[in-house]
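Heads up: numbering here begins at 1 and tracks the sequence. All values reported here derive from a predicted model rather than from experimental measurement.
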Amino acid sequence: MKKLPAPLLAKISWRLLPFLLLMYIMAFLDRANVGFAKVAFQADTGISDAAFAFGAGVFFVGYALLEVPSNLIMHRIGARIWMCRIMVTWGLVSAAMMFAHNETTFYVLRFLLGVAEAGFFPGVILYLTYWFPAAHRAQAMGFFYFGAPLAFIFGSPLSGLLLELDGMGGWHGWQWLFAVEGLMAVAVGIWSYFYLTNRPADAQWLTADERREVQEIIDSEERAKGGHQHSLLAAMCQPRVLYLALVYLLIQASVYGVVFYLPSQVAGLLGTKVGLQVGLVSAIPWLCALLAAWWVPGLAQRSQKPRSVASMTLLVAAIGMAASVSFSSPLLGVAALCFAAAGFIAVQPVFWTFPANTLAGAAAAGGIALINSLGAVGGFVAPIVKNWAEGHFHSPAAGLYLLAGTTVLAALLVLGIRARLAPAALQPHATA
């Protein structure tokens, strides 16, 4: 694998990654802030736990349906226009959640939020393949994944503070939360149109020699991968792509089985309502996830054993999830959530090196989107399964015990990725 010179890599990284990180912070905050609004929102609207679980998860139905076409459009017209469109529309829909006073409106807006955001995450993964050669991709993706924990490190106190504006201007606190955080995404979306550059060849902030060097390395890797891809449909229907989609579905189930309920779980541990205090304590697991997202991808790349590192990271997440509902002590409960969040966040940039180093061109756009799309089913299923398990077994811990079990299954399946990704196209990149 050919590497970029360190000064050139640093120049590209500092130009692109912080802004992509900001975009991901906005995305994760707007899809998950419903967890902070949960208690106050249900109290004001009378929406049941089952209805909330369905509404939280239905986001992923709209999201999954349009992932592939959205990513193909971005591949064709470029990131500047398409990322701007995605962010502005999802921000407006997220802000409109302040009007969700009944179940039907809640369901419709959550569905439309998924439709609006569809293509953002796989679009960024695809965008990184345009700029970072395989040798640098795991670390670039790891930095991008800082967005999820940062969304909660800064967003948790912000969300808690906005909830405490209850009654100001005649609005409920949860209405302030949705309105402010949604309009923040709109502002960043407009900024993205003027900031992003579609390809290295278009980057006026690089010298002509730098543009040529980056583009030549990327193009040579694309040609090497492209020799093993025959068509978009063939790439998307390969067993290896579907296998990766199954693994990602299980990972996403663990993520959203925790994310949508973490604020209320922390509130239960502390014996208080969701507000600024809960927001500050809820940020602690995400600080641990931030450190793990920096350390684990580097470990996977240095050890040249990405499957083993990913599998162990998922096992840590599973243990943390199960332990978080096994302790009555706030200290031990929050500590367990730290391991859970660190595990399921840090494993994802390692996971994404497998499809990103295998698929090229339109096949990459479609394949990555399909994996993310089918993986999104995990986000839809997790709240519903969690709510069902708690009711069926009459235990508030049953849901996370069940999802911890599916996370262990994901850890086992990760070990089979190399066998499933057997073609020679993967082998030079297997250690990325």
Show me the donor-acceptor pairs within less than 3.5 Å that the side chains of residues 329-339 make with the rest of the protein, sequence neighbours left out.
{"residue": "Ser329", "atom": "OG", "partner": "Leu331", "partner atom": "N", "Å": "3.4"}
{"residue": "Ser329", "atom": "OG", "partner": "Leu332", "partner atom": "N", "Å": "3.4"}

Are Glu221 and Pro133 close enough that some pair of their side-chain heavy atoms sits under 4.5 Å apart? yes
Among pairs that include at least one residue of residues 146-155, which meet side chain to side chain donor-acceptor pair (under 3.5 Å), considering only residues two or more places apart or in two chains? none
Quick one: does Arg80's side chain have a donor or acceptor within less than 3.5 Å of a partner on Thr197's backbone? no
Taking the inter-plane angle between the rings of Trp174 and His172 on a 0 to 90° scale, is it parallel (under 30°), tilted (30 to 60°) or perpendicular (over 60°)? parallel
Measuring only between side-chain heavy atoms, which start at C-beta, is Val296 closer than 4.5 Å to Val347? no
Are Val34 and Phe52 close enough that some pair of their side-chain heavy atoms sits under 4.5 Å apart? yes
Pairs in or reaching into residues 268-277: which pass salt bridge (charged side-chain N to carboxylate O under 4.0 Å, His left out), with residues at least two apart or in two chains? none
Polar side-chain atom of Ser254 near backbone of Ile251 as donor-acceptor pair, under 3.5 Å: yes
All side chain to side chain donor-acceptor pair (under 3.5 Å) counterparts of Gln277, not counting sequence neighbours: none
Do Asp49 and Gln42 pass the side chain to side chain donor-acceptor pair (under 3.5 Å) test, and can you show the C-alpha distance, the side-chain angles, and the key distance before you say yes or no? CA-CA 8 Å; Asp49 285 343; Gln42 287 184 264; 3.0 Å; yes
Please report, to 0.1 Å, the donor-acceptor pairs under 3.5 Å made by any side chain of residues 308-327, with sequence neighbours excluded.
{"residue": "Ser311", "atom": "OG", "partner": "Ala411", "partner atom": "O", "Å": "2.8"}
{"residue": "Thr313", "atom": "OG1", "partner": "Val309", "partner atom": "O", "Å": "2.6"}
{"residue": "Ser324", "atom": "OG", "partner": "Gln265", "partner atom": "NE2", "Å": "3.1"}
{"residue": "Ser324", "atom": "OG", "partner": "Met321", "partner atom": "O", "Å": "2.8"}
{"residue": "Ser326", "atom": "OG", "partner": "Ala322", "partner atom": "O", "Å": "2.8"}
{"residue": "Ser326", "atom": "OG", "partner": "Tyr401", "partner atom": "OH", "Å": "2.9"}

Compare all side-chain heavy atoms of Phe41 with those of Ile47 and state whether any distance is below 4.5 angstrom. yes
Can a side-chain donor-acceptor contact be found between Asn198 and Tyr130 if the only test is distance below 3.5 angstrom? no
Within 6.0 Å of CH2 in Trp205, more than 12 heavy atoms from elsewhere: yes
When you measure from the side chain of Asp30 to the backbone of Gly91, do you find a donor-acceptor pair of N or O atoms at a distance under 3.5 Å? no
Got a list of side-chain donor-acceptor pairs under 3.5 Å for residues 100-119, not counting sequence neighbours?
{"residue": "Asn102", "atom": "OD1", "partner": "Thr104", "partner atom": "N", "Å": "3.2"}
{"residue": "Asn102", "atom": "OD1", "partner": "Thr105", "partner atom": "N", "Å": "2.8"}
{"residue": "Asn102", "atom": "OD1", "partner": "Thr105", "partner atom": "OG1", "Å": "2.9"}
{"residue": "Arg110", "atom": "NE", "partner": "Gly55", "partner atom": "O", "Å": "3.3"}
{"residue": "Arg110", "atom": "NH1", "partner": "Arg31", "partner atom": "O", "Å": "3.3"}
{"residue": "Arg110", "atom": "NH2", "partner": "Arg31", "partner atom": "O", "Å": "3.3"}
{"residue": "Arg110", "atom": "NH2", "partner": "Ala56", "partner atom": "O", "Å": "3.0"}
{"residue": "Glu117", "atom": "OE2", "partner": "Arg31", "partner atom": "NE", "Å": "3.2"}
{"residue": "Glu117", "atom": "OE2", "partner": "Arg31", "partner atom": "NH2", "Å": "2.4"}

Which heavy atom of Gly257 sits nearest to which heavy atom of Leu400, and what is that distance? O-CD2, 3.8 Å
Within a strict 4.5 Å, meaning less than it, do heavy atoms of the Gln175 and Met168 side chains meet? no
Does any N or O in the side chain of Ser94 come within less than 3.5 Å of the main-chain N or O of Trp90, such that one atom is a donor and the other an acceptor? no
Would you please indicate if the ring centroids of Phe144 and Trp352 are separated by under 6.0 Å? no
Could you tell me whether the side chain of Leu9 reaches within less than 4.5 Å of the side chain of Phe132, counting heavy atoms only? yes
Can you tell if the side chain of Cys288 reaches within under 4.5 Å of the side chain of Leu291, non-hydrogen atoms only? no
Knowing that exactly one of Leu402, Val258, Leu403 qualifies, which makes a side chain to side chain contact (heavy atoms under 4.5 Å, CB included) with Lys386? Leu403
Less than 6.0 angstrom separating the ring centers of Phe121 and Tyr24, yes or no? yes
Using the rule side chain to side chain contact (heavy atoms under 4.5 Å, CB included), only one of Trp82, Phe19, Trp191 pairs with Leu196; which is it? Phe19
Any side-chain heavy atom of Tyr195 sitting closer than 4.5 Å to one from Leu22? no
